[in-house]
2 protein chains.
Amino acid sequence: MYEYQYPHPAVTVDIVIFTVRDRQLKLLLIKRAGEPFKGKWALPGGFVQMDEDLEAAARRELAEETGVSGVFLEQLYTFGAVDRDPRERVITIAYFSLIPSDEVVLQAATDAEAVGWFGMDELPPLAFDHADIVAMAHRRLVAKLDYSTIAFQFMPREFTLSELQEVYEIILREEMDRRNFRKWILALEQIEETGGERREGAHRPAKLYRVKYPERVEIIK
Amino acid sequence: MYEYQYPHPAVTVDIVIFTVRDRQLKLLLIKRAGEPFKGKWALPGGFVQMDEDLEAAARRELAEETGVSGVFLEQLYTFGAVDRDPRERVITIAYFSLIPSDEVVLQAATDAEAVGWFGMDELPPLAFDHADIVAMAHRRLVAKLDYSTIAFQFMPREFTLSELQEVYEIILREEMDRRNFRKWILALEQIEETGGERREGAHRPAKLYRVKYPERVEIIK
DNA sequence: TCAAAAGTGTTCTCTTTACACCCATGC
DNA sequence: GCATGGGTGTAAAGAGAACACTTTTGA
């Protein structure tokens with residue numbers, strides 16, 4: 001038992017993880033194995049340990065519950081409505097994360113019955129206030145596409161310009177002019193040709209590109 | 001005494017309040033009356049009660065410690081480094097706030113020895129990790145000036161365009177062309193003439209303006 | 001040889017920047 | 001009548017949007 005002179009809330013982290021796959025923006029969810037909301041889908045997350053920083057807690061929970069590690073992670077917002085958890089007062093620091101579609105090696109953990117990707121248009125009902133968290137993460141993602149290089153976090157190590165453009169089009173839900181897109185993205189000087197090319201199908205091969213500074217998300221414009 | 005099966009961190013809110021006064025961007029600080037960091041300057045803030053939402057906690061602490069109420073408040077970031085408080089694990093949700101220079105009615109509370117405004121260039125050493133919090137709030141303020149109408153939160157109910165421009169110049173630390181500034185700010189259609197004018201000094205009187213939608217901070221461009 | 005996606009420039013429009021003089025007032 | 005800050009327009013440059021044809025490949 002742990003005793004305090006004043007009441008303390010519990011503190012958790014929750015992680016909204018996006019990827020782009022099958023021409024859709026997808027979200028990683030886990031099926032809860034325990035109460036409350038047993039059997040419901042929810043964001044991966046869990047309690048912050050007393051000896052770990054917040055981002056470390058998010059990375060640990062992400063690895064434990066889904067097998068995902070080493071990815072882009074950014075603090076999103078802290079949700080603390082009094083009654084957001086039926087058990088006790090729980091304040092959660094939400095993170096949001098983007099991962100390349102090819103790096104998906106999912107593995108459900110002990111405290112999750114299952115883990116899976118859901119298209120943003122076909123989300124199941126979510127536990128707690130997780131729908132609010134997802135909505136905010138989605139708004140942030142769309143906004144950041146416009147003024148940062150965050151979209152590169154969705155790309156595998158090598159990719160074509162058409163693939164990159166497709167990611168933008170899927171998230172922004174609008175078609176873009178190919179020539180303008182290429183001019184714009186190359187002018188940012190954040191990607192470079194690898195020298196290789198991808199040949200697939202009965203058409204001209206596409207040049208492959210890589211992100212110059214994969215760790216950084218640059219603010220642009 | 002309050003008992004939990006697992007250890008719980010303490011949760012606080014801290015508020016970074018800016019105003020513009022005497023041609024300077026200023027920050028509200030309180031002098032701590034108790035340990036730790038007794039006698040040091042710090043951000044206003046305190047523990048979140050179990051029955052209040054996070055923003056409510058921020059507003060309550062702000063009112064209690066400084067007498068400020070009814071102002072713009074936005075969640076900034078959550079700081080949770082393991083050792084940021086020497087007493088126990090304390091996670092703090094930082095808010096940032098802007099207030100008009102004329103609405104300053106400061107009153108130090110019981111748990112603060114003093115309260116005062118400090119120019120951003122003459123900040124005293126701060127308690128805890130409050131210098132980091134202030135630095136982040138300042139970056140956010142500067143960034144938001146460019147893509148939102150947040151600067152209006154600094155203005156009194158009626159103001160002249162020159163006064164508004166001065167606020168921008170002080171925060172961005174750069175001079176602006178008067179004609180371009182007026183064209184730009186009026187094109188936003190977020191302020192309107194009150195009909196009144198301010199005569200002060202030996203020159204042409206300035207038209208007075210008001211913010212059309214004082215509650216809203218619009219995203220622009 | 002045909003179908004399919006990759007690659008590539010120019011024009012037009014709109015937004016942003018640069019810049020200088022007259023106006024109304026108090027003393 | 002003069003010093004002081006308030007008020008106003010235009011031109012040039014730069015950024016963003018619109019738009020169509022040629023290239024390379026596999027079958």
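Chain identifiers are assigned alphabetically (A, B, ...) following the order of the sequence lines, protein sequences preceding nucleic acid strands; residue numbering begins at 1 within each chain.
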Rounded to whole Å, the CE-P distance (A:M176 to D:dA18) equals 12 Å
Between B:S162 and D:dG6, does any side-chain N or O lie under 4.0 Å from OP1 or OP2?
yes
Would a 4.5 Å heavy-atom cut-off, applied to side chains only, mark B:R182 and B:W184 as touching?
no
Please state how far atom CD in B:E175 lies from atom C1' in C:dA18, giving the value in whole angstrom units.
15 Å
Could you label the plane-to-plane angle of the A:F128 and A:H130 rings as parallel, tilted or perpendicular, counting under 30° as parallel and over 60° as perpendicular?
tilted
Base of C:dA20, side chain of B:R178 - is there a donor-acceptor contact under 3.5 Å?
no
How do A:P205 and A:R179 order along DNA chain C: which one's closest nucleotide is nearer the 5' end?
A:P205
Rounding to an integer number of Å, can you tell me how far A:R198 CZ sits from D:dG26 P?
15 Å
hbond_proxy A:K183 side chain to C:dT10 base (donor-acceptor, 3.5 Å cutoff)
yes
Of B:D85, B:L43, B:V90, B:V48, which meets side-chain contact (heavy atoms from CB on, under 4.5 Å) against B:T12?
B:V90
C:dT15 C1' sits how many Å from B:Y147 OH, rounded?
21 Å
Within 45° of the axis and under 6.0 Å from the centre of the six-membered ring of A:F181, does NZ or CZ of A:R178 qualify?
no
Any side-chain N or O of B:R182 less than 4.0 Å from the OP1 or OP2 oxygen of D:dG7?
yes
Is the phosphate of C:dC14, meaning OP1 or OP2, less than 4.0 Å from a side-chain N or O of B:K221?
no
B:R204 has its side chain closest, among D:dG26, D:dG16, D:dG6, to D:dG6
Minimum-distance nucleotide to B:N180 side chain [options: C:dT8, C:dA6, C:dT17]
C:dT17
Quickly work out the A:F159 CZ to C:dA6 P distance and round it to whole Å.
14 Å
Flag, side chain of A:E200 to backbone of A:P205, donor-acceptor distance under 3.5 Å:
no
What is the separation between atom CG on A:D177 and atom P on C:dT11, rounded to the nearest whole Å?
16 Å
Whole-Å distance separating the NE2 atom of B:H203 from the P atom of C:dT25:
12 Å
Counting side-chain heavy atoms from C-beta on, which of D:dG6, D:dA3, C:dT8 comes nearest to B:A206?
D:dG6
Picking from C:dA5, D:dT8, C:dT25, which would you name as closest to the side chain of B:R199?
C:dT25
Please pick, from C:dT25, D:dT25, C:dC19, the nucleotide with the shortest atom-to-atom distance to any side-chain atom of B:A202.
C:dT25
Would you mind reading off the distance between A:K207 atom NZ and D:dT25 atom C1', rounded to a whole angstrom?
16 Å
